[in-house]
Each structure stands twice: as structure tokens, then as C-alpha cells.
Amino acid sequence: MSRRAALAAATGTALAASLLTVAGAQASSPETSAAGAVAAPDIPVENVQRHLEELQAVAEANGGNRAHGQPGYRASLDHIKEKLDAAGFETTVEEFDQAGTTGYNLIADWPGGDADDVVMAGAHLDSVRSGAGMNDNGTGSAAILEVALAVAAGDLQPAKHLRFAWWGAEELGLVGSRNHVAGLSEAERGQIGAYLNFDMIGSPNPGYFVYDDDAPLEKVFTEWFAAKGVETAPATESDGRSDHASFQEAGIPVGGLFTGAGETMTQAQADKWGGTAGEPFDKCYHTACDDMSNINSTALDLNTDALAHAVWELSS
Ligand code: DPN
Ligand code: CA
Ligand code: ZN
């Protein structure tokens, strides 16, 4: 049985959703595809960068990091939860224990859709202790937040149920996501048709890696990038290394995006992506310099738009 506790659940109002885009850049109007489904909006990368700047400020106000067990982690979670609540999401804070320290996941459900057919998008919200963790994993956290807010702003009414998640203590071994999956009943696990993971999607010397764990989910991303003229590669380095592994181990189909961590970019990769061979994808991986200056905005923009596309397409 589950040891997690639902600490808080709040339902926002439709009115709040209508106020959402006032402060940020407007997403472009969605177009209707030939099939009749509404296409995802182009997400303004400035909005994602604004969330990142706020997470950087949270770190700076809390001893420089957003790590599990440190005040910057819970402050990051509260900051994101407030925005989701105002937009009309049903949020839940899950509590778990990690070697005597309390950790937290944030789950946000978009009301409606088929509860037996859930599409999830997740990112870990914790940083390591050495810094603010802007690329790892402010990028994934900010991107799924902005896509969730776009769902609300567009009052998306998908056929499937949409759920977003921000995981705690990923850096200590996928602890939050493992705890979440362990707390689901067999039936609840069976209701999740897809889990998409976004961990490090704005690396300064970016590669465009797509998780290759499930062919249909992989295709949603690879076709989107191909249409933009961006070559992708299978994310073989990501196997078992982020929160998707918790879902994969439970038999849930997983997908996701990744722009590379501490590994060195090869000459062939540099030729393909226009980066610097012999340098890491992220020279600040798990170090103090993983701050706002450690983000490639083109990679962040492309990956966020791809994420929005996947959410719209898979939930329709
Ligand atoms: N989450 C990081 C790690 O555990 O090393 C980096 C990473 C992200 C690795 C995505 C694989 C995939
Ligand atoms: Ca965009
Ligand atoms: Zn990491």
C-alpha cells in the first residue's frame, strides 16, 4: 500500500485560467489539423525562461541550491504549485521519506478526460547541492510548467486525462518517482498509457536525443523534429538514469527528450548539431555554474515546443 500522503489538494477556478496569459507572452493561436484535432501552440520560450529565472531566484534566496531536504527545494515546489492552482489544476503534494529526510512530489491533474487513459509528463524538480540546477533540471521543470499553463490557457479538453508531475530526490536515485509508482495500485498503473520525461533539455552544447524505449512515443517526437529540419538521435545514454525508469519498470510506456549531460560531444555529433566537438554537452553538469548562463535557448525552445506537441497529440 501507499505510504504517500496527500498533504494538499486545491481546485482553482476557470476565472484564474482566463487571467493566465496576461503576464506572459501570448502563445500563437492553435490551428486545427486535417483530422480535426487542435494542434499545439508554439510555446514562447521567454515564458519558460521566466520560470527558470524565478527558480534561480528561489535558489539564491535559499542558500544557492534547490536540493532534496534543503529549503530551496520546498520553495521551488510551492512556487510552481501556486501557479498551477491559479490556473485550475488539481494539485497534490506527495510526501516521502528519504533516509530520515522528508521529500515531496508535486502532481497536477487537469480536470476531465478519460480517467482510464492517462497521459503524464514529468520532470525532476530537485537540483544537486552544488548549485541552482538550471539545466538539471530547471529546464524540464519550467517547460512542463509552461506547457501545463498553455493547456489551461487554451482550455484544452482532451479525450484522455492529463497529469503533470514534478519529482523530488531524483538526484538521490529517482526516489520521488519510485515512491509515486510504488504507491499506485495495479489498476492505477494500468490507467497510465504514456509517461513522458523531460530532464536536461537546454544543455549549452546541445544534442537532440529522443528516448527510444517505446516506438510510438519516440515517433511523436522524431517526426516533429524532422518536420523542423532537426536531426535527432536515440537517447541510449539515458537508460535508467532518470524518472522514466520508475515507470518503465512498472511496465508503463515511456518517452522523453534529453540534450546531453557530462558526456563529450563527438565530431559527428558536432557536424550534425552545429556544436563543439570534444566539449561536454553540459560543461556545468552537477556543478555550481549550472545557472541561467548555462542554458541554450534554441534547444530549450525546440524541446518545449516538441513537448507541447506530444501532450496535445497524445491526449487528443
Ligand atoms: N538526471 C541526470 C542524471 O541522473 O545523471 C541526467 C540525465 C538526464 C541522464 C536524462 C539521463 C537522462
Ligand atoms: Ca516556441
Ligand atoms: Zn542530475
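All ligand and atom numbering here is 1-based and tracks the order in the structure.
- A donor-acceptor contact closer than 3.5 angstrom links the side chains of Asp213 and Gln248.
- With contacts defined as side-chain heavy-atom distances shorter than 4.5 Å, the pair Leu314/Leu196 qualifies.
- Among the backbone and side-chain atoms of Val45, none of the N, O or S atoms lies under 3.0 Å from the Ca ion (ligand 2).
- Distances from the Ca ion (ligand 2) to the N/O/S atoms of Asp305 are shortest for OD2.
- Side-chain contact check for His244 versus Ser238: some heavy-atom pair is nearer than 4.5 Å.
- Counting only N and O atoms by type, the side chains of Glu60 and Gln56 include a donor and acceptor under 3.5 Å apart.
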Tabulation required: pairs of a nitrogen or oxygen in ligand 1 and a protein nitrogen or oxygen under 3.5 Å; columns are atom names and distance to 0.1 Å; otherwise 'none'.
residue	atom	partner	partner atom	Å
ligand 1	1 (N)	Glu170	OE2	3.0
ligand 1	1 (N)	Asp199	OD2	2.6
ligand 1	4 (O)	Glu170	OE2	3.4
ligand 1	4 (O)	Arg241	O	3.0
ligand 1	5 (O)	Arg241	NH2	3.1
ligand 1	5 (O)	Tyr285	OH	2.2

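- The Ca ion (ligand 2) is closest to atom OD1 of Asp301 (considering only N, O or S atoms).
- Between the side chain of Asp126 and the backbone N or O of Gly168, no donor-acceptor pair lies under 3.5 Å.
- In Asp42, the N, O or S atom that comes nearest to the Ca ion (ligand 2) is OD1.
- Counting backbone and side-chain atoms alike, Asp136 contributes an N/O/S atom closer than 2.8 Å to the Zn ion (ligand 3).
- Using a cut-off of 2.8 Å, one finds that His124 contributes no N/O/S atom close to the Zn ion (ligand 3).
- Under the 4.0 Å criterion applied to side-chain N and carboxylate O atoms, Arg178 and Glu249 are assigned as salt-bridge partners.
- If you look at Glu171 and ask which of its N, O or S atoms sits nearest the Zn ion (ligand 3), the answer is OE2.
- Among heteroatoms of the N, O or S kind in His286, NE2 lies nearest the Zn ion (ligand 3).
- In this structure, Asp136 and Tyr285 have side chains that are in contact, with non-hydrogen atoms separated by less than 4.5 Å.
- Remark: aromatic rings of Phe96 and Trp167 are distant, center separation not under 6.0 Å.
- Side-chain polar atoms of Asp85 and Thr91 form a donor-acceptor pair below 3.5 angstrom.
- Looking at Asp109 and Arg163, a side-chain N of the basic residue comes within less than 4.0 Å of a carboxylate O on the acidic one, giving a salt bridge.
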